[in-house]
J.: 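Handing you this structure, nothing more for now.
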Amino acid sequence: KFLFNYLLMKQQMKEQQKIKVALADDHVLLRKGLAGVVDSFGDYSVLFEADNGTHFMEQIKKHGEPSIVLLDINMPEMDGYATAQWIREHYPLVNVIALSMYDNENAIIRMFKAGAKGYILKDSEPPELKKALDSVHEKGYYYSELVTGRLIHSINKMDAENSEAKNQTELSDREKEFLKLACTEMTYKEIAEKMFLSPRTIDGYRDALFEKLQMKTRVGLVMYAIKNGIVTIS
């Protein structure tokens, strides 16, 4: 009996040392499979699961604070965007990794602004999930190469050439205004209305910035704006 209790206590201590992960996804089979993969990594254990953001709020109060949350974006009742914002406000030490079926430009922007520290596609292989968990735990962030690799490469290239400051000083006030609005959920048409310009003029601003900053997507513009302090994520 003493040996059994000792082994049980040792096992419990080992479990307590594992990095706690919470899962929020309304697809039960996918969530259960994801939980099995996370548990199989050895260094991680699933603290609790939730069907949506509302359920997540209940579960975290019941089970305690995880280190990392794997958060589905599209969920009923309370989606991933709202849940990420709630986590950032109430549990700022909890790191969120967004889960998505699609490499969607607007979804990436919205999750960055909501406070996500990583973004990974649901069809990723287990080693990439492990890499994402390790990176967020150790560094505080992870951006999938598939999603943002080209953007990170562009930013690193700008750093290497010491062109960051030069690029920013070359931006006009109107270009900076456009960049700030590009970091919102507005469409280009809505940005044109906000700036009292024609959609064609806005397209011109966008294309000029693509060329000037060596970017190819709206996500790239957002990453540049965040990195250079044109917009801040609180």
Side-chain angles (χ1 to χ4, degrees), residues 14-25 30-31 33-50 56 60 64-73 80-81 83-105 107-160 164 183 215 217 219-220 222-228 231-234:
K14 188 175 180 180
E15 286 296 321
Q16 290 173 355
Q17 292 173 351
K18 290 186 177 182
I19 302 160
K20 304 300 181 184
V21 178
L23 310 178
D25 194 311
L30 190 150
R31 191 179 72 236
L34 189 60
V37 172
V38 171
D39 283 331
S40 74
F41 291 149
D43 297 330
Y44 300 89
S45 66
V46 176
L47 182 62
F48 63 83
E49 301 175 27
F56 177 88
I60 196 171
E65 187 173 323
S67 295
I68 302 171
V69 179
L70 292 174
L71 182 63
D72 184 22
I73 294 178
Y81 307 114
T83 306
Q85 290 176 335
W86 184 86
I87 293 171
R88 184 180 63 184
E89 292 170 7
H90 295 86
Y91 296 90
L93 297 181
V94 174
N95 290 317
V96 171
I97 298 177
L99 295 172
S100 177
M101 286 294 294
Y102 308 105
D103 178 3
N104 181 278
E105 190 172 283
I108 296 170
I109 293 172
R110 289 184 67 184
M111 286 309 294
F112 281 163
K113 290 181 70 64
K117 303 301 183 182
Y119 192 102
I120 188 170
L121 300 181
K122 285 187 176 182
D123 61 359
S124 299
E125 295 292 330
E128 184 175 353
L129 176 60
K130 175 68 161 56
K131 183 179 178 182
L133 290 169
D134 289 344
S135 181
V136 167
H137 177 66
E138 296 167 8
K139 304 175 185 177
Y141 64 88
Y142 175 77
Y143 301 113
S144 166
E145 183 178 348
L146 179 64
V147 176
T148 60
R150 291 183 180 178
L151 307 178
I152 299 298
H153 176 74
S154 295
I155 290 172
N156 288 339
K157 185 178 179 181
M158 283 192 291
D159 287 341
E164 184 177 309
C183 294
M215 301 293 181
T217 67
V219 176
V222 172
M223 295 283 283
Y224 176 87
I226 293 171
K227 184 174 179 65
N228 288 279
V231 297
T232 58
I233 298 178
S234 56

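Count residues from 1 along the sequence.
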J.: Answer whether the closest heavy-atom distance between the side chains of L129 and V37 falls below 4.5 Å.
T.: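 The answer is yes, as the side chains (C-beta and beyond) meet within the 4.5 Å cut-off.
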J.: Might you point out which heavy atoms bring A98 and M111 nearest each other, and give the distance in Å?
T.: CB-CE, 3.7 Å
J.: Could you tell me whether Y141 atom OH has more than 12 heavy atoms of other residues or ligands within 6.0 Å of it?
T.: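 Counting other residues, nucleotides and ligands, OH of Y141 stays at 12 neighbours or fewer.
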J.: State, to 0.1 Å, how close L99 and D72 come at their nearest heavy-atom pair, and which atoms those are.
T.: O-OD1, 3.6 Å
J.: So does L121 get a backbone contact from the side chain of S124, meaning a donor-acceptor N/O pair under 3.5 Å?
T.: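 Present.
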J.: Going from CD1 on I73 to CE on M101, what distance comes out if it is rounded to the nearest 0.5 angstrom?
T.: 11.5 Å
J.: Excluding sequence neighbours, so at least two apart, what forms side chain to side chain contact (heavy atoms under 4.5 Å, CB included) with V136?
T.: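 Only I68, N95, I97, Y142 meet the side chain to side chain contact (heavy atoms under 4.5 Å, CB included) criterion with V136.
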J.: How long is the span from the CD atom in E138 to the CG atom in L133, to the nearest 0.5 Å?
T.: 10.5 Å
J.: Hey, what do you get for CG (L71) to OH (Y119), rounding to the nearest 0.5 Å?
T.: 11.0 Å
J.: For residues K113 and R88, report the shortest heavy-atom separation together with the two atoms involved.
T.: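 It is O-NH1, 2.7 Å.
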J.: How close do D39 and V46 get, counting heavy atoms only, and between which atoms?
T.: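 Closest approach of D39 to V46: OD1-N, 3.1 Å.
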J.: Under the ring-ring contact (aromatic ring centres under 6.0 Å, His included) test, which residues partner Y44, sequence neighbours left out?
T.: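 Testing Y44 for ring-ring contact (aromatic ring centres under 6.0 Å, His included), a comparison that skips the adjacent residues, returns none.
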J.: For P66 and V94, work out which heavy atoms get closest and say how close.
T.: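 The answer is O-CG2, 3.3 Å.
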J.: Would you say K122 and S100 make side-chain contact, with heavy atoms under 4.5 Å?
T.: no
J.: I want to check something: taking the side chain as every heavy atom from C-beta on, are D134 and F41 in contact at a cut-off of under 4.5 Å?
T.: no
J.: Can you tell me how far apart CD1 (I19) and OG (S67) are? Round to the nearest 0.5 Å.
T.: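 Answer rounded to 0.5 Å: 6.5 Å.
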J.: I'd like to check L70 versus V38 (side-chain heavy atoms, cut-off strictly below 4.5 Å). Are they in contact?
T.: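 The answer is yes; the side chains approach within 4.5 Å.
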J.: Looking at residues at least two apart in the chain, or sitting in another chain, which of them share a side-chain hydrogen bond (donor to acceptor under 3.5 Å, both in side chains) with E49?
T.: R31, K32
J.: State, to 0.1 Å, how close F56 and A22 come at their nearest heavy-atom pair, and which atoms those are.
T.: CE1-CB, 4.0 Å
